[in-house]
Amino acid sequence: MSFKTLLAYQKGFDLAMEIFHLTKDFPKFEMFGLTSQMVRSSRSVCSNIAEGYRKRQYEKHFKSKMSDADGENSETQLWLDFALACKYISEDKRQELQHKSEEIGKLLNYMMNNPDKFGV
């Protein structure tokens with residue numbers, strides 16, 4: 001089984017792509033600030049899932065990488081708050097993306113708490 005079949009990965013990838021497309025409309029002066037931070041943290045969710053799943057035979061490593069993914073997911077939520085405060089996104093859009101991020105967080109926590117269900 002591939003990490004790409006994991007629901008957390010799929011939802012994380014979709015959110016990262018949505019954020020990527022959303023940030024294209026941010027001001028150019030944010031390219032090395034808010035834009036890159038949002039894109040980076042959202043993509044890191046997926047990369048940590050992929051790394052952790054590949055090394056899933058080591059329970060501590062698996063849990064650590066899922067925890068890293070969860071941390072990056074939380075960071076993405078922070079950047080969404082900044083995007084709202086800077087008026088780059090609407091409250092409705094922030095809430096929509098926040099909800100998606102929270103769903104990913106629940107999936108990651110399930111994975112951390114039930115590593116045996118993922119071949120660990």
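Scope of the values below: all heavy atoms of this structure, side chains included, with no hydrogens, waters or symmetry mates.
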- Query: Taking atom CG of Leu15 and atom CD of Glu103, what is their separation to the nearest 0.5 Å?
  - Reply: 10.0 Å
- Task: Sorted by first residue and then second, give each salt bridge (Lys or Arg N to Asp or Glu O under 4.0 Å) pair with at least one member in residues 31-42; sequence neighbours left out.
- Result: Arg40-Glu72, Arg40-Glu75
- Step-by-step side-chain contact (heavy atoms from CB on, under 4.5 Å) determination, Tyr110 to Lys117: CA-CA 10 Å; Tyr110 179 81; Lys117 299 204 186 283; 2.9 Å; yes
- Candidate pair Glu18 and Lys11, rule salt bridge (Lys or Arg N to Asp or Glu O under 4.0 Å), full reasoning: CA-CA 10 Å; Glu18 188 171 352; Lys11 289 181 177 283; over 6 Å; no
- Message: Treating Ser2 as the side-chain partner and Thr5 as the backbone partner, does any N or O pair qualify as donor plus acceptor under 3.5 Å?
- Response: no
- Item | Atom of Phe26, atom of Ala83 and distance for their closest heavy-atom approach | CZ-CB, 3.9 Å
- Message: Could you tell me if the side chain of Tyr88 sits less than 4.5 Å from the side chain of Leu34, heavy atoms only?
- Response: yes
- Sidechain-backbone polar pair: Asn73 side chain, Ala69 backbone, donor-acceptor under 3.5 Å: no
- Is the closest side-chain heavy-atom distance between Phe20 and Met17 below 4.5 Å? yes
- Met31 side chain near Ser36 side chain, heavy-atom distance below 4.5 Å: no
- By salt bridge (Lys or Arg N to Asp or Glu O under 4.0 Å), Glu30 pairs with (sequence neighbours left out) none
- Spacing of CZ belonging to Phe118 relative to CZ belonging to Arg56, to within rounding of 0.5 Å: 10.5 Å
- Task: Determine, using the 4.5 Å side-chain heavy-atom cutoff (strictly less than), whether Tyr53 and Leu107 are members of one ILVMFWY cluster.
- Result: no
- Item | Lys28 atom NZ: more than 12 heavy-atom contacts under 6.0 Å | no
- Query: Is Gln77 close to Gln98 at the side-chain level, that is, under 4.5 Å between some pair of heavy atoms?
  - Reply: yes
- Task: Considering non-hydrogen atoms only, spot the tightest contact between Leu108 and Ala8 and give its length.
- Result: CD2-CB, 4.2 Å
- Message: Could you measure the distance from the CG atom of Asp70 to the CE atom of Met112? Nearest 0.5 Å is fine.
- Response: 4.5 Å
- Apply the test salt bridge (Lys or Arg N to Asp or Glu O under 4.0 Å) to residues Lys55 and Glu51: give CA-CA distance (whole Å), side-chain angles for both, the deciding distance (0.1 Å), then the verdict. CA-CA 7 Å; Lys55 300 273 188 152; Glu51 290 176 30; over 6 Å; no
- Message: Is it the case that the side chains of Thr76 and Ser41 hold a donor-acceptor pair, with the cut-off being a distance below 3.5 Å and no angle test?
- Response: yes
- Least distance between heavy atoms, Lys4 atom then Tyr9 atom: CA-CD2, 3.6 Å
- Message: With heavy-atom distances below 4.5 Å as the criterion, would you say the side chains of Lys65 and Ile49 are in contact?
- Response: no
- Message: Between Met38 and Leu80, is the side-chain contact (heavy atoms from CB on, under 4.5 Å) condition met? List the steps.
- Response: CA-CA 8 Å; Met38 284 181 73; Leu80 290 170; 3.4 Å; yes
- Note on the structure: Taken to the nearest 0.5 Å, the spacing of Lys106 NZ from Ser101 OG works out to 11.0 Å
- Cluster link Met66 to Leu7, ILVMFWY, side chain under 4.5 Å: no
- Least distance between heavy atoms, Ser42 atom then Ile19 atom: CB-CD1, 3.9 Å
- So CD1 of Ile104 and NE2 of His99: to nearest 0.5 Å the spacing works out to 10.5 Å
- Item | Spacing of Met111 atom CE and Ser67 atom OG [to the nearest 0.5 Å] | 12.5 Å
- salt bridge (Lys or Arg N to Asp or Glu O under 4.0 Å) involving Arg94 - partner list, sequence neighbours excluded: Asp81, Glu91
- Task: Write down the atom of Gln57, the atom of Arg54, and the distance for their closest heavy-atom approach.
- Result: OE1-O, 3.5 Å
- Message: Please determine whether the number of non-hydrogen atoms from other residues, nucleotides or ligands lying under 6.0 Å from atom CZ of Phe32 exceeds 12.
- Response: no
- Message: Looking at Phe82, I want to see if its CZ is surrounded by more than 12 non-hydrogen atoms of other residues, nucleotides or ligands under 6.0 Å.
- Response: no
